[in-house]
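Working notes, beginning with the structure itself.
As the structure lists them, so they are numbered: ligands from 1, and atoms in each ligand from 1.
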Amino acid sequence: MAAQSKSKRSQEQPLGRFDTAAREYVIGTPETPLPWINYLGGRDFHSLISNTCGGYSFYRDAKLRRITRYRYDSVPLDGTGKYLYIVDGDAAPWNPGWRPTRTPLDAYECRHGLGYSVFSSAKNALHAKLTVLVADDLDVELQALELTNRSAARKSVRIVSYVEWCQWNAEDDAANLQRTLSLGETYVEDGIVCHTTGYRERRSHYAYHAASVAVVGFDSDRDAFLGPYGELGSPASLRARTPSNSIASGWWPIASLVCEVTLDPGQAQSIVFATGYAENAEADKWTNAGVPNIATAKRVAAELRKDPDLVQRTLREQQARWSQLLDVFQTTTPEPELDELVNTWNPYQAIVNFHLARSASLFETGRGRGIGFRDSNQDCLGVVHLIPESVRERLLDLAATQQSSGAAYHQYQPLTKSGNDEIGSGFNDDPLWLVLSVCAYVRETGKLDLLDEPVPFEDTPASQATMLDHVEASLRYTSSRLGPHGLPLIGRADWNDCLNLNAHSLDPDESFQRAPMRTNGRAESVMIAALFVLAARAAADMYKGLGRAAEAGRYAALADDMAGKIESWGWDGDWFLRAYTHDGAALGGHRNDEGSIYVEPQGLCAMARVGEPSGLTARALQSTAERLACSHGIQLVSPPYSRYRAELGEITTYLPGYKENGAVFCHNNPWVIIGETQLGNGDRAMSYVRAIAPTYQSDLARRRTEPYVFAQMVAGTNAPRAGEAKNSWLTGTASWSYVAVSQHVLGIRPEIGALAVDPCIPRSWKRVLVRRTFRGARYEIEILNPRGVSKGVQRLVADGAVADGARILPAPPGAIVAVRVELG
Ligand code: GLC
Ligand code: GLC
């Protein structure tokens, strides 16, 4: 059964609600089911911040340049952040974000906006408004605290800040205490606390914490601040009311500043706290006096003092930038939940994913992973219309890690831009994703010159290879690694990392990603076969764009040939098979007692239109609706595996209904959605969108993760906690969902020589508006559906002229084109 429409999002949601006009999510209580986080900073300095001010910061690389500390499995959860304590007379100290004192507040609200968060809270007629954001050009996180005295009496208030430094390498910091506890150093000058661990030796970077007003004291040693067995909820120095002006020497360096304000009734005052990162040139590390040169920190602190409007101005600028960016694609449909998703939160999440890959979230500790090759290429798909230049740069970086054989490192490290095999290698789908992302760039921008850009292969740095050579190498990698049925060899695994058909692990201490692989493994992947069809057709398209018909024909033929193989060997009667094992057994078919249908080949074959004319895709998607879909979305596999099967690998380690073992693994739902739109099933496509999209969810307590972003997985029907989400924020779902909705449901699809407008919508929709900027021209598109169909452009009029079919030729940059589309 396809998922049904969820009940309308209600404005009375007790946990939170969308403020559409402000582009903010408003959280009404600090006690959310899980920390609900936001991301600050879009360039080099990144912070995570929860609705209780938990979180941490890093510079470019969450593992190697961790600035502040976070305890992932702390009790209670969300252990440590950048906290401000407010001490108002003799009353119990409190925090604007409630944690860590957890003093009950008289009022609390947290607004997560695009790259900033604002907390408004009150206690004893003292109101606090805390605005937190990152000033990208200063590499600094700013916390602007505005206190207002709404009582009838004068108030003397102390504000005590707290940040806990991480000793840069997050892995060592957490694990190698015998060393790190004798390294920690701080340096304090002019009321600025600097974290200088490692500065005496090979590091030329430091972090700092400063305030916009004069401080009356500080601490930089955690023991001094907390006291013996102290807790952040009631630090000794707060009780003692005297900062000890401590300097760290080993152990745990922190930064805490103490400021005082006196407020008359009705009076307000603002203080800004800054937590920043700075690098010095080797020759500039020390001053003549032999102390660390903290000129950058002093410059930023001086700026805070002399420019009281800095935070609000930065906020306004960032908001203006976001609204300009998001203006590239805006829609009005009959469903406000969809508008909320498409106009704000989905592109926001997609951009966060593009920057952070899978490094740092509440579920990704930022200690282990670089940027995944396949993940990053897919992340490009949903943001290329917004940040084409950054995507171009990323594509060149990714291609530069590719080998001349077409093989790709599974990951690369953003700080060094070099590939690493820390999480295994030999995932045979990896290279093909580059073809899709390069093609998406070309379709969006029309800039075929990307294909001529020189990018040497990693193992042949002197080669004259171009981006087009990388595209070809990727396709060759697959077509030269075929198994007994002529289907692509799976290698270590394909998109489904957990289907390890060539590495059978019996050692509980072994990582599935690195377990020894059988040499000459013969297991084959139908999923890679379908991806190849998609990629080869995309390559054919690019060759057509280059005017090279012979190559275009060659790739189209390769795609047709592979599609034929899938029809012969990858069809199970009612749906597509998933794979063949090394021994030639079919996997993901009706003969399998568990794992008898997998979603990936159904979605990808439908997207690649494998077997469409003969009705196979329609049957496969019908089976998907009947056997995999549930009210939370489409599950990855059914039935899930109930016991460990070494011959299948990691997928069978997960509890039934979790992760790859039969959760709604949201990432691949959009593939099915796209497939449904290609078949014209607008109602079913939208029912799947409603099932997974955060903006449609009403049972927030069950779901638990943030209601404004997609999660990687939602527990499937076989799990006791069905409907509970996990691994929110960092997931390929963000990009794919955006592509599915904007290009396939709303149907505004860039092509190399045109902009296609070919929607596939629910039959009940009468009218949809889309504003789309494409190659510098703006299209004001009105889609009318007087006959209540889902698909089929009856008539398309662009600037008064009737177009031939569903395509508009690109207008010159600056033009505004009125487009009217009638379905029927
Ligand atoms: C995770 C990985 C992604 C993989 C997926 C399925 O999301 O980041 O690369 O494709 O899991 O296993
Ligand atoms: C685990 C996860 C999978 C992820 C992989 C790589 O296998 O289950 O989703 O892609 O690790 O980190």
Side-chain angles (χ1 to χ4, degrees), residues 62 349-350 352-366 368-382 398 408-412 419-434 436-437 490-501 503 511-514 525 527-528 530-531 578-579 588 595 598-601 603-604 633-637 640-641 648-654 658-672 692 705 709-714 716 725-737:
Q349 184 182 2
V352 169
N353 272 266
F354 174 80
H355 288 306
L356 295 188
R358 307 298 173 267
S359 67
S361 72
L362 203 64
F363 304 88
E364 301 280 8
T365 63
R369 303 179 66 169
I371 293 190
F373 190 89
R374 82 155 81 86
D375 290 339
S376 192
N377 276 302
Q378 292 172 83
D379 289 346
C380 289
L381 304 177
L398 287 166
Y409 281 101
H410 198 46
Q411 310 216 338
Y412 84 100
N420 73 50
D421 274 338
E422 257 176 50
I423 298 201
S425 60
F427 297 86
N428 278 355
D429 65 312
D430 273 345
L432 290 174
W433 298 106
L434 179 71
L436 295 196
S437 58
I490 197 170
R492 179 174 294 282
D494 58 24
W495 173 88
N496 189 331
D497 277 336
C498 300
L499 206 52
N500 313 119
L501 302 183
S511 145
F512 285 94
Q513 319 286 319
R514 278 183 299 240
S525 164
M527 179 264 153
I528 300 183
L531 182 61
R578 180 63 178 83
Y598 277 74
V599 71
E600 303 99 312
L604 280 175
I634 307 162
Q635 301 168 101
L636 191 145
V637 64
Y641 297 100
L648 303 182
E650 187 172 2
I651 184 168
T652 64
T653 64
Y654 289 115
Y658 284 166
K659 292 279 278 182
E660 281 87 342
N661 192 16
V664 174
F665 207 95
C666 300
H667 186 136
N668 42 42
N669 279 228
W671 302 346
V672 176
I692 60 164
T705 57
V709 288
F710 287 98
Q712 180 205 59
M713 63 149 276
V714 178
K726 274 202 200 101
N727 304 7
S728 54
W729 270 105
L730 302 184
T731 160
T733 316
S735 255
W736 274 114
S737 141

Decide whether the shortest distance between a heavy atom of Q712 and an atom of ligand 1 is less than 4.0 Å.
yes

Output the list of atoms in ligand 1 that are nearer than 4.0 Å to some heavy atom of R374, sorted by atom number.
3 (C), 4 (C), 9 (O), 10 (O)

What class does the angle between the rings of H667 and W671 fall in, given that below 30° is parallel, 30 to 60° is tilted and above 60° is perpendicular?
perpendicular

Using distance alone, decide if ligand 1 has a nitrogen or oxygen within less than 3.5 Å of any nitrogen or oxygen in H667.
no

Please verify the inter-ring angle class for H410 with F427; under 30° counts as parallel, over 60° as perpendicular, anything in between as tilted.
parallel

Results of ring-ring contact (aromatic ring centres under 6.0 Å, His included) for W729 - residues two or more places apart only
Y39, Y348

One thing to verify: whether D497 and K659 come together as a salt bridge, which I'm taking to mean a side-chain N less than 4.0 angstrom from a carboxylate O.
no

Any idea which atoms of ligand 1 are less than 4.0 Å away from a heavy-atom of E660?
6 (C), 11 (O), 12 (O)

Run the side chain to side chain donor-acceptor pair (under 3.5 Å) test on N428 and R492 for me, step by step, so that the C-alpha distance in whole Å, both residues' side-chain angles and the decisive distance to 0.1 Å come before the verdict.
CA-CA 7 Å; N428 278 355; R492 179 174 294 282; over 6 Å; no

Using a 4.0 Å heavy-atom cut-off, which part of D497 comes near ligand 1: side chain, backbone, both, or neither?
both

Note: heavy atom closest to atom 9 (O) of ligand 1, options T731, L636, D375, N727, belongs to D375

Once side chain to side chain donor-acceptor pair (under 3.5 Å) is applied, do any residues pair with N500, and if so which ones, sequence neighbours excluded?
none

Taking the minimum heavy-atom distance to atom 5 (C) of ligand 1, which of W495, F373, W433 ranks first?
W495

Hey, which atoms in ligand 1 end up nearer than 4.0 Å to a heavy atom of N496?
12 (O)

